[in-house]
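Everything numeric in this text was worked out from a predicted model, so none of it was measured. Sequence lines set the chain letters: A, B, ... in the order given, protein chains first and strands last, and positions in each chain run from 1.
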Number of protein chains: 2
Amino acid sequence: MKVKSNRLVDRAEPAKIPLYQKMKDDLVQRVLSGEWRPGELVPSETALANEYSVSVGTARKAIEQLAQERMVVRQRGRGTTIATNRGGSTKPFRFLKFFSRDHIRTEESIYLEIMPGKATAQEAKSFGIEAGAPVARMVRLRAANKMPMLIERAAIREDLCPKASQLITLHRPVSISSFLDRMFNILIMRIDEKICAALADEEDIKHLGAAAGDPVLAVERLSYDLAGRLIQISQLHVAKEAYYATSTK
Amino acid sequence: MKVKSNRLVDRAEPAKIPLYQKMKDDLVQRVLSGEWRPGELVPSETALANEYSVSVGTARKAIEQLAQERMVVRQRGRGTTIATNRGGSTKPFRFLKFFSRDHIRTEESIYLEIMPGKATAQEAKSFGIEAGAPVARMVRLRAANKMPMLIERAAIREDLCPKASQLITLHRPVSISSFLDRMFNILIMRIDEKICAALADEEDIKHLGAAAGDPVLAVERLSYDLAGRLIQISQLHVAKEAYYATSTK
DNA sequence: GAGTGGTCTAGACCACAAT
DNA sequence: TTGTGGTCTAGACCACTCC
């Protein structure tokens, strides 16, 4: 980032941000503030254009960018709605890009352990909260087509998801992202993953049917919400029969 | 590619395809035909709008979509150019999303083996060519910051890249994608990857410093060009110290 | 200074969903 | 029938690159 006396520019001029950009940023804020709930219709293009005193074309550009980022969904004749992770219609393993030889028809979550806990120093740093702050911890076995595919160890921050451990114990949701959406209006929008190779540990041997010395995929996943806040940290161990699929553009 | 009596559709109805879509498709064809070479300036918005008898806004939309798909690069005040993979300025491991603790400053390719070969039945099927058709085969060790990170076994179809094995023997390029661009005007635009866990084989032990029984990442990569043709099939073995990073949106 | 892409406007007509 | 988003037009001014 080259800065050529930015302060002067900032003070003297309003920094020359395009109208559609400013409008888009403001719309994001309004979504985050909860003014519109997930699944709800937002005002039409023309209404928003009037409200922001811009032309319809400019408003379109702002809204189209939000649609491209999957923050809203546009439907001709109906209107524009806030995106949602709810609804059983979303395909299983929406965010999980692994697959096996067969198509995945069913998804199952078997919870091995759920308990409230306190953030470790490292977790606190990642989450941006204080060490010792409450988190929900869980271990679950995830299966596709009745076959155990991976074991997940997860921590969810309870400052944004109060009583998450109790609620998860109660509902034992198959999909955490859909659960977070329903319970806390938190939309998981981006997931970063780091993948490396490891050897099967005792739990992999016990639950994934791995043998001692078998290789497994070890995945660390960081799940972020609309606002870019880190919500969940997971470690996955994926059975060696399963693949991860990615695409680079 | 599904074809539902395209001729009939074309004759009977104009199929209601938006103008900007038709224009974009045609521009793609012109790029693929080699009318404009990678790095070359294409006509301006207004020139293209005139040529296609559409308004500038419509032409913009077509060109903007090509830019979004990274097929062209737009620069204000300069013009629009066909994308390129050449040039040392692109960061190392452009398509390879793995990383180590340190930043990657240098990239190296040590070729262990390069030889012409014939496509196996499976390769032929993937490439969409005849079994026994010529391919270039190679094994290379790729290193970052002087540390060996992975071993790659690759096959490149020689029907589209004639004499690839000789040329690679001659130039031993660090980046294959940049090499394909320079030599054959083939732009790698998309790479699909399947990742699974495996145990280090003899070559991993010999060249990656792995021990027997160590886990490694086994990655299968399929590289496609602008036209969506499969150009290269690779198997990577990534040392266990390295990570793969992905992001899901 | 000439030409480029980036932003913005103010209209028009259409396909579609809801009622 | 009403209102929505999708397409398309024909202008305008600006920031920028290149000569």
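- A:Leu27 approaches A:Trp36 most closely through the heavy-atom pair CD2-CH2, 3.9 Å.
- Residue B:Ile63 is classed as having no contact, given no heavy-atom separation below 4.0 Å to the nucleic acid.
- Residues meeting the side chain to side chain contact (heavy atoms under 4.5 Å, CB included) test with B:Gln166, sequence neighbours left out: B:Lys163.
- Shortest non-hydrogen contact noted between B:Ile168 and B:Phe179 is CG1-CE2, 3.5 Å.
- In summary, contact between chain B and DNA chain C, defined as any nucleotide atom under 4.0 Å from a heavy atom of the protein, begins and ends at C:dG3 to C:dA15 in the 5' to 3' direction.
- The stretch residues 52-60 of chain B touches DNA chain D through B:Val54, B:Ser55, B:Thr58, each having a heavy atom under 4.0 angstrom from the strand.
- Defined by atom type and a distance below 3.5 Å, a donor-acceptor pair is present between the side-chain atoms of A:Ser234 and A:Gln232.
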What pairs of donor and acceptor atoms, side-chain ones from residues 38-45 of chain B against any protein atom, are under 3.5 angstrom apart with sequence neighbours left out?
{"from": "B:Glu40", "atom 1": "OE1", "to": "B:Arg37", "atom 2": "N", "distance (Å)": "3.1"}
{"from": "B:Ser44", "atom 1": "OG", "to": "B:Thr46", "atom 2": "OG1", "distance (Å)": "3.1"}
{"from": "B:Ser44", "atom 1": "OG", "to": "B:Ala47", "atom 2": "N", "distance (Å)": "3.3"}
{"from": "B:Glu45", "atom 1": "OE1", "to": "B:Arg60", "atom 2": "NH1", "distance (Å)": "3.4"}
{"from": "B:Glu45", "atom 1": "OE2", "to": "B:Arg60", "atom 2": "NH1", "distance (Å)": "2.4"}
{"from": "B:Glu45", "atom 1": "OE2", "to": "B:Arg74", "atom 2": "NH2", "distance (Å)": "2.5"}

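- Panel note: side chain B:Arg229, backbone B:Gly128; no donor-acceptor pair is recorded below 3.5 Å.
- The CD atom of B:Gln65 lies 11.5 Å from the CE atom of B:Met71; values are rounded to the nearest 0.5 Å.
- Proximity of A:Arg221 to A:Ile233: side-chain heavy atoms (C-beta onward) are nowhere separated by under 4.5 Å.
- Here the shortest heavy-atom pairing between A:Cys161 and A:Leu180 reads SG-CD2, 3.8 Å.
- Axis deviation across the helix from C:dG1-D:dC18 to C:dA18-D:dT1 amounts to 10°, comparing end segments of five pairs, rounded to 10 degrees.
- Residues from residues 75-83 of chain A that place a heavy atom under 4.0 Å from any atom of DNA chain C, listed by number: A:Arg76, A:Gly77, A:Arg78.
- Nucleotides of DNA chain C nearest to B:Thr46 and A:Gln21 differ in position, and the one nearer the 5' end is that of B:Thr46.
- Judged purely by atom type and a 3.5 angstrom limit, B:Asp225 uses its side chain to pair as donor or acceptor with the backbone of B:Ala227.
- When atom types are taken as modelled, the side chain of B:Glu152 and the backbone of B:Gln235 share no donor-acceptor pair closer than 3.5 angstrom.
- Of all non-hydrogen atoms in B:Ser109 and B:Arg140, the two that sit nearest each other are OG-NH1, 2.7 Å.
- Between A:Val72 and A:Ile63, the shortest heavy-atom contact is CG2-O, 4.1 Å.
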